[in-house]
Amino acid sequence: MGLNLKVDMSNYPDTNIHDTLPKILKHRAETIPNTVALRDKDLGIWNEITWKEYNDNVSYLALSLSKRGFKSGDVIGLIGDNKPSWLFFELAAQAVGGMSLGIYRDTLDEEVGYLINAAKVNFVYAEDQEQVDKILTIKRPKNNQINIFFEDSRGLKELNDPKITDMTDLIEEGKEIASKDPNKYNKMIEKISGEKNAILCTTSGTTSNPKLAMLPGAKFIEHVIRYLKVDPKSVDDEYVSVLPFPWIMEQTYGVGFNIVGGMKVNFPERPETAMEDMREVGPTFMLGAPRLWEQIAADMRSRILDAPKITQWLFNTMVERGLKAVDQGKRDFLADKLLFSSLKDRLGFSKVKSAATGGAAIGPETFKFFLAMGIPLRQLYGQTELMGAYTLQDVPDGTMDCETVGVPFPDCEVKIVDPDPNGLGEIITKHPSMFSGYYNNEKAYKDTIKKGWMYTGDAGFFDEKGRLNVLDRVNDIAVKSDGVKFSPQNIENKLKFSPYVGEAVVIGSEKPYLTAIICIRFSIVSKLAEKLQLPFTSYTGLAAHKEIYELIEDEIKKVNEQLPDNTKIAKFLLLFKELEADDGELTRTRKVRRSVINSRYKDIIKDLYLDKDTATINTEFTLEDGRKSKISATMEIRHLIKTPNTKSKKPTSTAKKSSKGKK
């Protein structure tokens, strides 16, 4: 079994000639100068940027950066929302022969400082005052201050610091240089080889601080071409950029597919308006991390709660029909006509020809929901070090595949090493366009790459059709005290299909039974609570309500019905707070850091396995402004299945903060 490769590659630039992204950008500016490359929404208006304008802005910034001391091998830091200005600076740095380092916009000061110093960054594009302030907190000697460039001048106009510059001034400076020497930029990019490292991309960092993978320009382009062979894009395709640019897959789509494939990229006005802006664009292609698809599905189910009973019945009945049809590799005509076609139109998905999800496992129920809607959603799999995805499911067509991540791309080799009797082992991979190493971390490279193969640390197996199944991290595949193996992630994904469950952590390694720490999906549960007239003033208060416990208990019981008896969840509690990346509990791509959970909540986990009906904790968490606050909380432990230490008490759930700050 293999992917469909019937693609006309003549539509893509000759990478033997154009071996860097700035060279391909220049080629597009020369061949289709007036075609729209990007759109950016500002004050309700979509502003179009042609390929010529895109190339001009990059060239002006490259010339002025070079004049200000940015040189080949240097790194420019980028932090802010997804905007054309981010791309201008990223490509400008590569045009000079340097590298770009994307930083997630919600990264706290301390982590920003770690990344900036780890990459020896002296030049930073910081979109606005909030991001500029983060850079200014980094301690540097007076003779080694960071050059900061901003786009949004609000709150920054009065600054009198020669090291902090409005990007419009930088562009004007570049224009002046270009007017005196019109061919200077072209000469500059011709000197840059595709073998040079062009992108520094942070790894997911599920077990420690993220490492910085170095991605050579030509190899990045080669792998984008490899991807386009199995999922082609052209100048007729529309994409809305909602996932953060520091993530390797958004680099692939928002940068690679745009420049190499010609796909138009649209930037929402704000993250909060992304779904509304998406409806206006009507994208033909979508990429979403599992969290995004789960949130969309949960929001739809939430809105139905306010609908009349007949509408709720119709929704639930048609969804059930649609899911049953998907299980048979079909679409349900009636469900499509009465529900799914209007849902697609309302979401702005009517023109979607291709959609993908990756970065973490997606729950089968969520996946099937979108297939039932007629969204051709496909799972992919990859790592930052391997230039992103290197497996992809085939186009859904009469077959049901909710469990696998498909088959490898052309020229990509994937093997399972040290398999158990069921074929489950560690996934290792190699292909011709891998990363060149970790920035300033040779030891980590040697630990990861062995005889040309990357050891991913993920556990998986191949099915009878040669499709890769990824279960969990090797270190996270758990074994109960009775020897039964289980994947916490697999059970967690089933739980998160519920519109009321925002996050779940399943515990049970070396334990006699499974338990779960649940975070409610506050945006939806709070709406339901208002409808039920439940009093609450915060997440903590809402999660303590008996009615909310009963709501989540019903959801867990539904999941338990799908699980073998020896891996059903026996107890659970509702955590007093949401898991946060700022507290180190999640990565910036929203993956659970299990080691942090096991350490921070060890007292709670201990109580889950004792003869108790409440769990108590004293811990510290991070407020929105970065300050720390201590909290003492007591939570109910709800029993679902009789265990050796089950007993019955009237539980309570309370929490007290020692800080006035609000989470």
Side-chain angles (χ1 to χ4, degrees), residues 21 24-25 28-29 31-61 78-92 102 105 125 127-128 130-131 150-154 166-168 171 233-245 247 249-288 292 295-296 299 343-356 375:
L21 291 174
I24 298 177
L25 176 60
R28 292 216 173 271
T31 54
I32 49 172
N34 299 318
T35 300
V36 174
L38 310 169
R39 292 192 196 91
D40 181 35
K41 193 175 185 183
D42 184 40
L43 300 177
I45 298 172
W46 286 101
N47 301 296
E48 296 183 337
I49 299 170
T50 66
W51 287 106
K52 182 180 184 305
E53 291 167 337
Y54 190 171
N55 186 65
D56 284 347
N57 278 294
V58 169
S59 66
Y60 298 147
L61 286 175
L78 309 167
I79 184 167
D81 285 328
N82 291 16
K83 290 290 180 185
S85 51
W86 177 302
L87 294 178
F88 298 161
F89 274 100
E90 178 169 347
L91 271 289
R105 72 155 295 119
Y125 159 71
E127 180 190 2
D128 53 22
E130 178 187 358
Q131 307 305 338
F150 62 85
E151 179 184 30
D152 185 344
S153 61
R154 286 175 294 183
D166 191 320
M167 69 173 286
T168 56
I171 288 173
K233 299 289 176 287
S234 72
V235 293
D236 298 322
D237 281 297
E238 299 276 359
Y239 176 66
V240 179
S241 180
V242 296
L243 297 174
F245 268 137
W247 186 36
M249 291 312 303
E250 193 65 15
Q251 284 288 308
T252 299
Y253 292 111
V255 184
F257 278 17
N258 169 246
I259 295 175
V260 181
M263 178 180 74
K264 296 181 187 71
V265 176
N266 300 271
F267 297 97
E269 186 154 9
R270 298 187 308 278
E272 310 86 71
T273 65
M275 294 307 297
E276 180 184 336
D277 296 339
M278 192 177 295
R279 283 193 291 273
E280 295 179 8
V281 172
T284 59
F285 173 74
M286 279 193 65
L287 170 69
L292 176 63
Q295 186 65 51
I296 293 171
D299 286 346
L343 276 182
K344 282 172 65 177
D345 186 58
R346 181 170 292 185
L347 290 168
F349 292 175
S350 297
K351 297 178 183 177
V352 173
K353 299 182 295 184
S354 174
I375 304 299

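The structure displayed is predicted, hence computed values, not measured ones.
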Mind checking what makes side chain to side chain donor-acceptor pair (under 3.5 Å) contact with Tyr253, not counting sequence neighbours?
Tyr227

May I have the step-by-step check of ring pair (Phe, Tyr, Trp, His ring centres under 6.0 Å) for Tyr54 and Phe88, ending in yes or no?
CA-CA 7 Å; Tyr54 190 171; Phe88 298 161; 5.7 Å; yes

Quick one, Pro268 and Met278 - any side-chain contact, counting heavy atoms below 4.5 Å?
no

How far does CG of Asp345 sit from NZ of Lys351, to the nearest 0.5 angstrom?
10.0 Å

Counting only heavy atoms not in Lys344 (residues, nucleotides, ligands), do more than 12 fall under 6.0 Å from its NZ?
yes

Within this structure, what is the CD1-CG distance for the pair Ile24 and Asn55, rounded to the nearest 0.5 Å?
12.0 Å

Tell me, with the steps shown, if Val255 and Val260 meet side chain to side chain contact (heavy atoms under 4.5 Å, CB included).
CA-CA 8 Å; Val255 184; Val260 181; over 6 Å; no

If only side-chain N and O atoms count, and only distance matters, is there a donor-acceptor pair under 3.5 Å linking Asn57 with Glu53?
no

Could you grab the distance from atom OG1 of Thr50 to atom CG of Asn34, nearest 0.5 Å is fine?
6.0 Å

If we ignore hydrogens and angles and just use 3.5 Å, is the side chain of Asp152 paired with the main-chain N or O of Glu127 as donor and acceptor?
no

Note: Asp128-Arg154 ion pair, threshold 4.0 Å (strictly below):
no

Can you find a pair of side-chain heavy atoms, one from Trp46 and one from Asn266, that are under 4.5 Å apart?
yes

Do Met275 and Leu347 touch side chain to side chain, with heavy atoms closer than 4.5 Å?
yes

Looking at Asp277 and Phe267, would you say the former's side chain and the latter's main chain have a donor-acceptor pair under 3.5 Å?
no

Backbone N/O of Gly80 and side chain of Gln131: donor-acceptor pair under 3.5 Å
no

Just jot down the side chain to side chain donor-acceptor pair (under 3.5 Å) partners of Trp86, sequence neighbours excluded, or say none.
Glu90

Scanning both residues in full, the closest heavy-atom pair of Leu25 with Trp51 reads CD1-CE3, 3.6 Å

Tyr60 OH to Met167 CE distance, which is reported to the nearest 0.5 Å
13.0 Å

Considering only heavy atoms from C-beta outward, does the side chain of Glu250 approach that of Pro244 to under 4.5 Å?
no

If every non-hydrogen atom of Leu21 is compared with every non-hydrogen atom of Ile259, which pair is closest and at what distance?
O-CG2, 3.9 Å

Taking all non-hydrogen atoms of both residues into account, name the closest pair between Phe245 and Ser241 and its distance.
CZ-OG, 4.1 Å

Inter-residue atom distance Leu87.CG - Asn258.CG, 0.5 Å rounding:
7.0 Å

Taking all atoms of both residues into account, what is the closest heavy-atom pair of Ser59 and Asp56, and its distance?
OG-O, 2.7 Å

So do Leu243 and Met249 actually touch side chain to side chain, heavy atoms under 4.5 Å?
no

If you take all heavy atoms of Glu151 and Ser85, which pair is closest and at what distance?
OE1-OG, 2.9 Å

By salt bridge (Lys or Arg N to Asp or Glu O under 4.0 Å), Glu238 pairs with (sequence neighbours left out) Arg39

Is it the case that the side chain of Glu269 and the backbone of Leu43 share a donor-acceptor pair, with hydrogens and angles ignored and the cut-off at 3.5 Å?
yes

Do side-chain atoms of Asp166 reach the backbone of Thr168 as a donor and acceptor pair under 3.5 angstrom?
yes

Let me confirm one number: the CG-NZ distance from Asp236 to Lys353, rounded to the nearest 0.5 Å.
7.0 Å

